[in-house]
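Quick caveat, the model's predicted, so the values are computed rather than measured.
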Amino acid sequence: MIMPPCTKACTDVLCCVIFVIVILGYIALGTVAWIHGDPRKVVYPTDSHGQFCGQQGTPNANKAILFYFNILQCANPAVLINLQCPTTQLCVSKCPDRFATYLDMQYNYRYNNSYWEYYRQFCKPGFDNPRKSVAHVLRDEDCPSMIVPSRPFLQRCFPDFITRNGTLTVANKTDFKDGLGKTRSVIDLRDAANGITSLLDAKEVGMKIFEDYASSWYWILIGLVITMVVSLAFILLLRFTAGVLLWLIIFGVIAVVGYGIWHCYWEFSTLRGKPHSDGDVTIADIGFQTDFSVYLQLSQTWLILMISLSVIEAVIIVILIFLRRRVRIAIALLEEGSRAIGYIMSTLFYPIITFVLLAICIAYWAVIAVFLASSGDAVYKVMSTQDKCMYANLTCDPETFSQTNVTTVCPGSQCTFAFYGGESLYHHYIFVLQLCNVLMFLWLVNFTIALGQCTLAGAFASYYWALKKPQDIPSCPLFSSFSRAVRYHTGSLAFGSLILALVQMFRIVLEYLDHKLKGAHNAFARFLICCLKCCFWCLEHFIKFMNRNAYIMMAIYGKSFCTSAKDAFFLLMRNVVRVAVLDKVTDFLLFLGKVLISGSVGVLAFFFFTRKIPVIQEEVPSLNYYWVPLLTVIFGSYLIAHGFFNVYAMCVDTLFLCFCEDLERNDGSPLKPFYMSPQLHRILRREQGSKLYTSS
């Protein structure tokens, strides 16, 4: 009787030491970022003097909105949001609600002081001379030459655009005075704030989506709980009826997709047959619409959906025809996996631990990124309205800017706050520190996933190598496997996850270079980047596959990462046919299970939120977009099913490698009995019998 020897010794100790040192360095990086960073620089808008709008304990405590003296000088919304606009920026308590100019204010001030009291809140603090000439006011930037009705967006005052009968207006006006003796069109405001109207529409859609979540969160939660119960019941039922359930999944998915094809055809033919309908209107004709129900009135939408579903249906049927024999073998592996999970039920809840650890990694990375981005002192740069100003974008000092000749050479230039930075060594290497932050984030995320894979593999391996099941299965196999992974294999897990993190980091760099080269005319450079992206995508997925199997071998034998990866590679190569077919067929069947569960819950949610279930119509909340909770339920259901089925996939992969190792070590004799279950043994004999029959 031969079973694989498992050594209990620390593996890849050097990698473990390096990993611990790097984690301590990561903690130190977070501490330094915490000391130098200030998240308020990201949260609050900043005026022309680098002061926060709305910050408590400052003169701007009650002034949380940023106002632009002359928004016509701002080129686009990106310039506005980044505060790179060549005009004075001031913190105010509210945005203007009317059209007015400084000239009009001076004229009306003679008769009514309230005109000045209203206008002065958009002037620099301390300025109290409404009789000062317009030329001197604009020269000293004491007050804006005009104000326009605005509303706050992203804590900044933007013109209050309203479209009436197809005409763009601001406060029901299509033109206005700019305070400099000219009459300007509202179109000029739109061009200056190009894209703001679409952003405001997006904000309106976002508010409606938030309202939908607020009124339907309870039902969304119920849908996700139903998914969890169905996924758990599905896995437990596999222990008894894996074959029946999996064939039901296959035909269920085929039936669901088939119904989708029929429904799309019915909608398509109905719309095409209606006189004066939108059947001949295309998606390109109507463009992007926030009301997605508009697209359902187009026959082209249903035609595209019907063709897509038909292709999916054909692919599923072809795969099943050519791999029907292997499907039976995969079903047997799944049955064995369901038995293993039935004896080690705690493994189904391990993804919760992985989720918590990943949430900690993501939160720590995000906090450090924000604190690093907000490190430094205020940096001011020359902002000019002239394209050829020689001083444009050069650093300046707002205290001495008026004494320089910059305004003489470049009239209208401003010394405006640009960003936060500094000249110290720390500030010079903030970008490098951000890259280190990303690399450590990838390393820790991959380590967390690797720890989960090794833990689950160890638990399921203890099931397989128990000669008498379940009597010989050790007590608390999941906790014992987790303890072994942390105590003995931290260095090996860190080594494997580092290799994967480096490849992912390189892919991020390639994506950045590809983004920068999109506007370039160098076709060879773009082709080279595209080839490298493809190669590293393949390399990443190969490393993920090898790491997964290396962790399984590590859990079985307790060897180092390189040795485990080598053993796993050669073991897989010796069973390449089984690997290529059985493993992928199993993955395919599990994917169908995820689709069926999330699809079924999604269909139920669709009928509920569209009030098509008569019994509970009164319980359905009033929604702006029913697709908001519907997509949330479908996506959340898929993630929950994915978490449960990932445990199952790891179980099948572990049992498969143990099965291959069992075949090589043992021959079924009394001295070397198989550790596999009688069911797997019968499958093996059938396979060997079919080979002998074929060869004869």
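Atom CD1 of residue Ile449 and atom CD of residue Gln453 lie 7.0 Å apart, to the nearest 0.5 angstrom. In this structure, CG in Leu493 is found 12.5 Å from CG in Leu498, a value given to the nearest 0.5 Å. Summarising the geometry, atom OG belonging to Ser600 is positioned 11.0 Å from atom CD1 belonging to Ile634; distances are rounded to the nearest 0.5 Å. With rounding to the nearest 0.5 Å, the separation of SG in Cys651 from CG in Asn646 is 12.5 Å. Rounding to the nearest 0.5 angstrom, the gap separating the OG1 atom in Thr654 from the CD1 atom in Ile552 is 4.0 Å. In this structure, the separation between CH2 on Trp465 and SG on Cys658 is 5.5 Å, given to the nearest 0.5 Å.
Qualifying ring pair (Phe, Tyr, Trp, His ring centres under 6.0 Å) partners for Phe644, counting only residues two or more places apart in sequence or in other chains: none.
When all heavy atoms of Ala565 and Met546 are compared, the closest pair comes out as O-CE, 3.6 Å. The heavy-atom pair separating Pro351 from Leu348 by the smallest distance is CD-O, 3.4 Å. Ser475 and Ser480 get closest at one heavy-atom pair: O-OG, 3.8 Å. The nearest pair of heavy atoms linking Ala461 to Ile556 is CB-CG1, 3.9 Å. The two residues Ala605 and Val633 come nearest to each other via the heavy atoms CB-CG1, 4.0 Å. Heavy atoms only, all atoms of each residue included: Ile597 and Ala641 are closest at CG2-CB, 4.4 Å.
The aromatic rings of Trp34 and Phe371 sit parallel, their planes meeting at an angle under 30°, below the 60° perpendicular limit. Between His642 and Tyr638, the angle of the ring planes stays under 30°, which puts this pair in the parallel group of the 30/60° scheme.
Checking side-chain atoms of Asp12 against main-chain N and O of Ser560 turns up no donor-acceptor pair under 3.5 Å. With hydrogens and angles ignored, the 3.5 Å screen pairs a side-chain donor or acceptor of Thr11 with a backbone N or O of Tyr488. Proximity of a side-chain donor or acceptor of Trp443 to a complementary backbone N or O of Ala494 within less than 3.5 Å is detected. The main-chain N or O of Ala568 is never found under 3.5 Å from a side-chain atom of Asn549 such that the two would form a donor-acceptor pair. When atom types are taken as modelled, the side chain of Ser481 and the backbone of Pro477 share no donor-acceptor pair closer than 3.5 angstrom. Under the 3.5 Å distance criterion, the side-chain polar atoms of Thr563 are left unmatched by any main-chain donor or acceptor of Lys559. Formation of a donor-acceptor pair under 3.5 Å by the Gln504 side chain with backbone atoms of Glu540 is not found in this model.
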>> Walk me through whether Ile508 and Leu442 qualify under side chain to side chain contact (heavy atoms under 4.5 Å, CB included).
In response: CA-CA 11 Å; Ile508 293 175; Leu442 295 174; 3.9 Å; yes
>> Determine whether Leu539 and Arg507 satisfy the following criterion, side chain to side chain contact (heavy atoms under 4.5 Å, CB included), listing intermediate values before the conclusion.
In response: CA-CA 10 Å; Leu539 179 60; Arg507 285 194 65 199; over 6 Å; no
> For Phe441 and Tyr364, what are the C-alpha separation, side-chain angles and deciding distance, and is it a ring pair (Phe, Tyr, Trp, His ring centres under 6.0 Å)?
Replying inline: CA-CA 8 Å; Phe441 167 71; Tyr364 190 75; over 10 Å; no
>> Between Cys436 and Tyr26, is the side chain to side chain contact (heavy atoms under 4.5 Å, CB included) condition met? List the steps.
In response: CA-CA 9 Å; Cys436 294; Tyr26 197 31; over 6 Å; no
> Run the side chain to side chain contact (heavy atoms under 4.5 Å, CB included) check on Phe460 and Asp653 step by step: do they pass?
Replying inline: CA-CA 10 Å; Phe460 294 127; Asp653 289 345; over 6 Å; no
>> Show, in sequence, the C-alpha distance, side-chain angles and deciding distance for Ser497 and Asn446, and conclude whether the side chain to side chain donor-acceptor pair (under 3.5 Å) test is met.
In response: CA-CA 5 Å; Ser497 55; Asn446 288 317; over 6 Å; no
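The closest side-chain heavy-atom distance from Met440 to Leu29 is not below 4.5 Å. Residues Ile21 and Leu24 are not in side-chain contact: their nearest non-hydrogen atoms beyond the backbone lie 4.5 Å or more apart. Inter-residue side-chain proximity for Val647 and Phe349 is flagged as unmet; no heavy-atom pair is nearer than 4.5 Å. Contact annotation: the side chain of Thr227 never approaches that of Ser598 to less than 4.5 Å [non-hydrogen atoms, C-beta and beyond]. Considering only heavy atoms from C-beta on, Leu657 comes within 4.5 Å of Leu572 through its side chain. Residues Phe431 and Leu435 form a side-chain contact, since some pair of their non-hydrogen atoms from C-beta on lies under 4.5 Å apart. Residues Leu456 and Leu478 meet the side-chain proximity criterion, which asks for heavy atoms closer than 4.5 Å. Put simply, the side chain of Tyr464 reaches to within 4.5 Å of the side chain of Asp662, judged on heavy atoms.
Stacking of Lys566 on the aromatic ring of Phe569 is not recorded, the 6.0 Å distance cut-off and the 45° axial limit not both being met.
Centroid-to-centroid, the aromatic rings of Phe447 and Phe19 come within less than 6.0 Å.
Between Glu336 and Tyr463, the side chains place a donor N or O and an acceptor N or O closer than 3.5 Å (distance only, hydrogens not considered).
Counting non-hydrogen atoms of other residues, nucleotides and ligands closer than 6.0 Å to CH2 of Trp219 gives a total above 12.
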